Every structure is written in C-alpha cells, then in structure tokens.
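Counting convention: from 1, in listed order, for ligands and their atoms alike. Keep in mind that this is a model prediction, so the values were computed, not measured.
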Amino acid sequence: MHLKIHENYESLSRQAANEIIALMKQKPEAVLCLASGDTPRLAYSLMTKMAKDEKIDFSRCTFIGLDEWMGIPPDNEGSCHYFLRRHIFEPLNISNDRIRLFDALSTDQKGECKKMDKTIIEKEGIDLMVVGIGMNGHIGFNEPGASVEGYSHVVDLDAATRTVGQKYFREHTLLTSGITLGLGHMQEARKVILVANGTKKADIIRKALEEDVTPVVPASLIRKHVNAYVMLDREAGSLLTAK
Ligand code: PGA
C-alpha cells in the first residue's frame with residue numbers, strides 16, 4: 001500500500017482523477033468500480049471534465065457497482081445508482097450495456113450477488129476500484145466484522161452507517177440493509193485507490209492505517225494490497241504518527 005497526504009482535497013481529487021484517466025488511456029476496455037459518496041465527488045467531476053477536454057474514450061470500459069442500499073429505487077437521489085448516473089454515466093455518455101449495478105429491489109438477493117460475482121469473473125476482474133472509507137471503517141458495505149475473503153453479499157447495516165447514510169437522502173429514510181462487493185473483490189482488484197478528506201475521517205484513518213489489520217476495521221485490509229494507493233488531505237491524515 002502506498003500513502004500520500006495531499007495539501008488539500010482538490011489536490012487528492014486531482015490525483016485520483018488523473019489515475020482513472022491514465023488507466024483509460026492505457027486500457028480503454030478497463031473494468032472500473034467507482035464508489036459513490038461525498039469524498040470522490042470532486043475526483044469524478046475533474047475526471048469527467050478531463051475526459052471531455054482530452055476526448056478520452058470510455059465507451060469500451062465496464063462499470064461495476066460497489067454497493068447499494070437495499071430497497072431504495074434507482075431514481076431516489078440518495079441511491080448509489082442515482083449518484084453514479086448523475087456524476088459519471090451521464091457526463092461521460094456511458095451506454096447501459098457497459099454498466100453493471102446491483103438491483104437493490106430484487107427479491108432474489110442471493111441471485112443478485114451471484115450474478116455480480118459471475119460478471120466480474122467473466123470480465124476477468126476489476127482493474128481499478130476507487131473507494132471511500134466509512135466513519136466505522138467500512139469499505140462499500142463491508143461493515144466491521146465482514147469476511148476478509150468475501151464476495152458479493154447482502155448485509156445488515158451497522159448503526160453508524162444507518163445514521164451517517166441519512167446525509168445522502170432528502171428526507172429521513174429507513175436504511176436497514178445493503179448489497180455490496182466483498183473484501184475479496186478489493187484484494188483481487190488490480191489497483192485500489194482509497195480517498196478520504198476532512199478532520200472527521202482522521203481517527204478512522206489512523207485506526208485503519210496504524211492499528212491492527214483486522215476485519216473489525218475493514219479498510220485496514222487495504223494494507224495487504226500491494227497496488228493500493230491511499231490519498232488523504234492534511235486533515236484526514238492529521239492523526240497519523242508516521243507521516
Ligand atoms: P463519504 O462516504 O465519501 O460520503 O464520506 C464514504 C463511505 O461511507 O464509504
């Protein structure tokens with residue numbers, strides 16, 4: 001794992017955007033898994049602008065969904081679907097056949113997980129995963145205690161995730177379970193970028209990067225990945241002792 005503490009949020013976002021663009025130039029048929037959330041939003045906006053300016057072709061890549069709130073329809077503004085459409089798929093003009101997201105309304109949850117795992121195998125794995133970190137150390141909806149080698153699964157959301165998740169929704173929304181790729185997918189991705197900014201993430205970043213590597217803090221598993229890049233702003237990195 002490689003760590004870089006940036007001067008500010010814009011600088012870390014620019015580096016993340018550059019990495020996505022560099023991959024697309026090198027491998028236009030890449031398989032991308034880009035998390036939704038507040039943290040990567042600026043990176044995606046810089047990335048889509050660069051893609052337009054430099055006429056980067058995203059038409060051959062595949063987008064894999066990282067996670068989704070179970071029971072929340074794709075047209076709900078708080079859903080991961082909605083976020084990805086608005087911030088990535090629409091600006092880049094991505095056609096539906098290049099997009100594989102979890103169906104959070106499916107009544108066959110196991111089938112939905114199997115379908116996603118099969119897709120990733122058929123696509124020969126994920127080239128680049130961009131993830132954030134939850135206040136409880138989750139990655140996607142790999143909540144504390146998640147299986148280290150797990151693949152797609154449906155999970156009861158941690159109390160912290162249910163509460164913090166309200167920020168994405170216009171009105172109070174019952175968030176009980178989520179569907180997510182597993183930590184096994186993260187370990188097997190050819191490259192992983194974790195982005196975090198702001199003082200509120202400083203303590204969980206310190207736990208993930210400087211305490212034990214343990215599923216109790218799922219993001220700590222990123223330290224076992226040889227091609228993982230953690231990009232922080234100064235605030236998020238402020239409690240690290242070995243800066
Ligand atoms: P955030 O979410 O980027 O909105 O802070 C991160 C996460 O929960 O993974």
* Write out all pairs satisfying ring pair (Phe, Tyr, Trp, His ring centres under 6.0 Å) with one or both partners inside residues 101-136, taking only residues at least two apart or from two chains. => none

* In order of chain and number, which residues sit within 4.0 Å of ligand 1 by heavy atom? -> Gly37, Asp38, Thr39, Gly132, Ile133, Gly134, His138, Lys167, Tyr168, Lys201

* To do: Indicate whether any N or O donor in one side chain lies under 3.5 Å from an N or O acceptor in the other, for Glu211 and Ser220.
  => no

* To do: Hey, could you give me the OG/CE distance between Ser59 and Met24, rounded to the nearest 0.5 Å?
  => 8.0 Å

* Hey, are His87 and Thr48 close enough side-chain-wise for a donor-acceptor pair under 3.5 Å? -> no

* To do: Check whether any side-chain heavy atom of His225 sits under 4.5 Å from a side-chain heavy atom of Met1, and report yes or no.
  => no

* To do: Identify whether NZ of Lys or CZ of Arg in Lys191 sits under 6.0 Å from the centre of the six-membered ring of Tyr229 and within 45° of that ring's axis.
  => yes

